[in-house]
Amino acid sequence: MTIYFDDSQNIFHLSNHKISYIIGIEKEKYLTHRYFGPYLNNYHQVNQLQYIDRGFATNPISEERTFSLNALPLETSTQGSLDYRVSNYQFRNLDGFRITDFVYDRFEILQGKYPLKGLPSLRGDTQQTVEIYLIDPIQSLEMVLRYTIYDDLPVITRSIEYRNNGSQPIYLENAGSMLLDLPRSDFDLLTLNGSHTNEATIHRQPLHPGIQKISSTRGTSSPQHHPFLGLADRYTNEDQGQVYGFHFIYSGNFVAQAEVEQYGSTRIQIGINPETFEWKLMPESSFQTPEVVLNFSNQGFNALSQTFHKLYQTYLIPEYWQEQERPILLNSWEGNYFDFTEEDLISQAKQARALGIELFVLDDGWFGQREDDTSSLGDWIVNKTKLPNGIEHFADILHQQKMKFGLWFEPEMISVKSRLFEAHPEWSLQVPAYPQTQGRQQLVLNLSLPQVQEYLIQVLSNYLSSNKIDYIKWDMNRHLTEVGSFILPDDQQKEVSHRYILGLYHILSEVTKQFPHVLFENCSSGGGRFDPGMVAYMPQTWASDNTDALCRTKIQYGYSYLYPPIMMGAHVSDTPNHQVGRNTPLESRFLIAMSGNFGYELAIEKQSPQALAEIKDQISFYKKHRRLLQFGQFYRIKEIDSTYATAWLFKNETEALLVYSNGLSQPAQPVQYLKTNYLDESAHYTDTETGNIYSGSELNHAGILVPRIKGDFQCFYKHWTVLD
């Protein structure tokens, strides 16, 4: 790994034997993007810039009519003149003008990667970082572009710090984190789109002239559009072809866009959404943007995913949980909803323990006067009618059963029907003179307020300090409305959305640092805020409120582009499924849930003896292969098709496991063979069901026959052990 500056060519070269990233300085002023792709052992500008006298071009050097910033591949945009493409930043001064003129000033190469103040970011003490400084001397503004390259992965991270070194306040209206111009446009654009209960749908389309954009203004990263863009060669598939992946480590409003401009280049820009953002930069102050991950693969989507999986598991999630096995859980929600007693729960927990379940999670309904979803959020006091002996007593009973105990919270919300709202109505998000919009008959606490942050830190700390809670499910079940603050002046009201996220990160940072051994699961009605910013504090996320096995094949398939299975909560639930009414076999529900962070969410006491026996066998199987399923490498080996048929593979040094789902049964089923593709070619693998031995090369290239399957929603697996 190295970052060096070649002063003879005026270029920065970032490389690590997997990738190279090259930045040029033109006219001693302007940062240009020269290359991003496979490693180059040297670079002498064979891909020289082209200068053409173009119509309507603006020329910063009037006598050089072939030199125009509007046609150059840049590392950051200009503002108000010269470059008319998508902008990465915008300032407004006290006179109302929006003109700046940033030029190159200096650079510094640093050993290590330093945390971003108030924001989650990747770790990297052994990595190398370059800071490139641009200045606007007219207004005493400064911009610091930070690039870190990882020594063991084809990854670069980027972020920007905007500084006001002048004597007057200035308003930052757009604070983008990354801009990159690539000198071609024959890409497919890859995004993950969806909705509540239908998250992470892969959408692939050819780029076309103009701007293609995804965004959120909901206050969260959202289930509608994941903060990710991919650019793939048209022929790229799971196993071959080049693809760039751009992922935003941020949990709030964002924009991610690709612009195919008039001369055939593609501009990628990612940052906080400027529609809901502005920041007043006081003299001698700065604003730090969130981080963007730039990932490159020349071996298809699976290799891109492998990089994301290793990167986030190694450098993003809390360090304690990197190698910690996750327990098999039973969540009380779909089995009980709000209707339960302590006696019911104890009986369910004992039955779960007898089956081999290791963690009992008490979901919504345990606090205040919570009989439905219309009241009590904010009143985090145990409901003594349901739990007359309190939370700690119930936890003690579970611990005596050798089970862990988990508890559900929705800390960011407040019910109008609550003691907290009666005491502090000013703590909810609101705008004077306008009614407060309720969702699920609840409001959102204003996490930008320091007193709200401290209240939530204290509430959570009080429960966790007993050392009797092993797991927290942190839920967030509505988006933000009436985003305003009583304590900020009128010229800072557009700061509230970002300040909310900073407040959230402050709470999470304080609580998870104080209780590092508590397992936190992120949830926002499922995948409503499943993003790398939340992953930095919570090592797993409830991927979707939709527990239907067929739907989950698609949802988990999509999320696997970015996250390993251990980060995706996946449960076996009852049938008919509570979200879509579908009946699927228990074995299929198990194999799909087993392919994520595994648990159950059903009425355990209502299962038949046959189902309970099958569940017990499932749990035994999972425990036997837990290390493989949680920490093995994960590959998609059959792209999900129109009938929902798909397959994936887990492997490590000692075993491999393939899962196939047929989706909807088809007439005249074609002959098909599943090629494992990623097993060790020279190794030999024993089929644990038949005892037959096959070489890795045979399984990879000849493949296994998919049997004739009659019936919808059927799954099967194949398991092999590596022959010594």
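Both backbone and side-chain heavy atoms feed into the values below; hydrogens, waters and symmetry mates do not.
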**Item:** Set of side-chain hydrogen bond (donor to acceptor under 3.5 Å, both in side chains) partners for Ser461, sequence neighbours left out
**Value:** Gln514

**Complete:** Residue set satisfying salt bridge (Lys or Arg N to Asp or Glu O under 4.0 Å) with Glu323, at least two apart, ordered chain then number -> Arg627

**Prompt:** Does the side chain of Gln607 come under 3.5 Å of the side chain of Glu614 through a donor N or O and an acceptor N or O?
**Reply:** no

**Message:** The criterion is ring pair (Phe, Tyr, Trp, His ring centres under 6.0 Å); which residues satisfy it with Phe308, sequence neighbours excluded?
**Reply:** His247, Tyr312

**Request:** Not counting sequence neighbours, list each pair that qualifies as a salt bridge (Lys or Arg N to Asp or Glu O under 4.0 Å) and has a residue in residues 544-565.
**Result:** Asp548-Arg582

**salt bridge (Lys or Arg N to Asp or Glu O under 4.0 Å) against Arg529, all qualifying residues, sequence neighbours excluded** = Glu412

**Asked** Would a distance-only check, ignoring hydrogens and angles, find a side-chain to backbone donor-acceptor pair under 3.5 Å from Ser588 to Cys715?
**Response** yes

**Request:** Determine yes or no for a side-chain-to-main-chain donor-acceptor pair under 3.5 angstrom, with Lys386 supplying the side chain and Gly365 the backbone.
**Result:** yes

**Request:** Please name all residues satisfying ring pair (Phe, Tyr, Trp, His ring centres under 6.0 Å) with His578, sequence neighbours left out, ordered by chain then number.
**Result:** Tyr337

**With sequence neighbours excluded, residues passing side-chain hydrogen bond (donor to acceptor under 3.5 Å, both in side chains) with Glu655** = His625, His719

**Complete:** For Trp380 and Tyr455, the nearest pair of non-hydrogen atoms, with its separation, is CD1-OH, 4.3 Å

**Request:** Apply ring pair (Phe, Tyr, Trp, His ring centres under 6.0 Å) to His393 and list each qualifying residue two or more places apart in sequence or on a separate chain.
**Result:** none

**Request:** Apply side-chain hydrogen bond (donor to acceptor under 3.5 Å, both in side chains) to Thr676 and list each qualifying residue two or more places apart in sequence or on a separate chain.
**Result:** Asn700

**Prompt:** Out of Phe301, Tyr635, Phe228, Trp648, which residue meets the ring-ring contact (aromatic ring centres under 6.0 Å, His included) rule with Tyr561?
**Reply:** Phe301

**Message:** Taking salt bridge (Lys or Arg N to Asp or Glu O under 4.0 Å) as the definition, give me every residue that meets it alongside Asp344, ordered by chain and number, with sequence neighbours left out.
**Reply:** none

**Message:** I'd like to check the side-chain hydrogen bond (donor to acceptor under 3.5 Å, both in side chains) partners of Ser222; sequence neighbours left out, ordered by chain and number.
**Reply:** none

**Qualifying salt bridge (Lys or Arg N to Asp or Glu O under 4.0 Å) pairs, either residue in residues 457-480, two or more places apart** = Asp363-Lys473, Glu392-Lys468, Asp396-Lys468

**Prompt:** Which word best sums up how the rings of Phe650 and Phe634 line up, parallel for under 30°, tilted for 30 to 60°, or perpendicular for over 60°?
**Reply:** perpendicular

